[in-house]
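The figures that follow rest on heavy atoms only: side chains count, while hydrogens, waters and symmetry mates do not. For this chain, numbers begin at 1 and follow the sequence in order. Note that this is a predicted model, so its numbers are computed, not measured. Ligands are counted one by one from 1 in listed order, and the atoms in each one are counted from 1 as well.
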Amino acid sequence: MRNIIIDCDPGHDDVIAFLVALANQEELNILGITTVAGNQTLTKVTNNILKVQDYLGVHIPVSMGYSTPLVKELDVQPQAHGATGMDGPQIPEPHSKPTGMHAIEFMKKTLMEAEDKVTMVCIGPLTNMGLFLKTYPELREKIDCIAIMGGGINRGNTLIKAEFNIYHDPDAAKIVFDSGIKVVMAPLEVCYAASILLTETEKFAEGGKVSRFVYDLMKFYQGYAIRNGWDRTAIFDAVPVTWLIHPEFFTAEEYEVYIETDGRYCRGMTVVDTRGYKGELKNPKTVLVDADREKFIEFLFKCINKLDRIYA
Ligand code: BDR
Ligand code: CA
């Protein structure tokens, strides 16, 4: 059993990643959720995860983190996630409240109390994680791995060469990537390799309460792919969570990765050293480079169907 904290900015794909974790609690012990501004404002993304939990009757503690990146201005993503950050499903506003503890104080308390090490699953901008490591460096010993959705090997999405989560707070990402803690990175390439076909999402409409909720999420979320003429869409944040449970679905390589914090065109780029020169790597990251799409999608449906049975 692996202890995890999910640091996120929900966000359609963040919510699906959360559902995958929720469906696998025999393997993933979710100690808490921390939120960070990214896809939408901190208030909105926190509201979204509380809403989802209330809808299912799940109450994992949610702690709010930073409302802006370290240095940059806040730059939200309504084009992908809508005005609320989770447009699509019509579910009631939440009654539950966040813990009242700041995300990094929640991380501190949880790590101090944990008997075993904790995996940090970071699927939003890395502001909370970076500032946690700066503020409480002594607690890094309690982290066994930071599993990240972020960056690209050769490409970006928000900028030509910068992926949204890293682009949004490159300064925080640099702290995390330079920390020396084991980082597992799910870049854009592996997420695209694991994409769901737009035709496949139709199957969610036939399922139970959770499937239909996912269907409503996907109907809005895949609008971005449709507008771009694509036949599939990546559910980015579900990739690192799935890797925790089924690493055999993925191909991984060890690469040094540096974060570009300056640059006219490339601020927020993950500079991945794929040159393959011989010699010892200084601070390698485990970079997921490919995925077995069929297995990933089959597993996703299995998780959501399982939740249909639990949260009928
Ligand atoms: C990442 O950016 C957000 O839009 C998604 O939630 C994901 O974490 C993909 O670039
Ligand atoms: Ca996200």
Need the list: ligand 1 N/O atoms against protein N/O atoms, distance under 3.5 Å, rounded to one decimal.
from, atom 1, to, atom 2, distance (Å)
ligand 1, 4 (O), N39, OD1, 2.8
ligand 1, 4 (O), Q77, NE2, 2.7
ligand 1, 4 (O), H81, NE2, 3.0
ligand 1, 6 (O), D13, OD1, 2.7
ligand 1, 6 (O), D13, OD2, 3.1
ligand 1, 6 (O), D14, OD1, 3.0
ligand 1, 6 (O), N39, ND2, 3.0
ligand 1, 6 (O), D237, OD2, 3.1
ligand 1, 8 (O), I123, O, 3.1
ligand 1, 8 (O), N165, ND2, 2.9
ligand 1, 8 (O), D237, OD1, 2.6
ligand 1, 8 (O), D237, OD2, 3.0
ligand 1, 10 (O), N157, ND2, 2.9
ligand 1, 10 (O), E163, OE2, 2.4

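No side-chain donor-acceptor contact under 3.5 Å links Q25 and E27. No side-chain donor-acceptor contact under 3.5 Å links D171 and T261. Under 3.5 Å, the side chains of Q53 and S96 contain no donor-acceptor pair of N or O atoms.
Aromatic pair F213/F204: ring centres not closer than 6.0 Å. Between Y66 and H102, the distance from one ring center to the other falls under 6.0 angstrom.
The side chain to side chain donor-acceptor pair (under 3.5 Å) contacts involving residues 284-296 comprise K182-T286, E200-R293, E254-T286, N283-K285, where partners must be two or more places apart or lie in separate chains. The stretch residues 139-153 participates, sequence neighbours left out, in these side chain to side chain donor-acceptor pair (under 3.5 Å) pairs: T119-D144.
Taking OG1 of T68 as the reference point, atom CG of D75 lies at 12.5 Å (rounded to 0.5 Å).
Looking at N128, I143, L111 one by one, the single match for side-chain contact (heavy atoms from CB on, under 4.5 Å) with I5 turns out to be L111.
Inside a sphere of radius 3.0 Å centred on the Ca ion (ligand 2), the protein N/O/S atoms present are D9 OD1, D14 OD1, D14 OD2, I123 O, D237 OD2.
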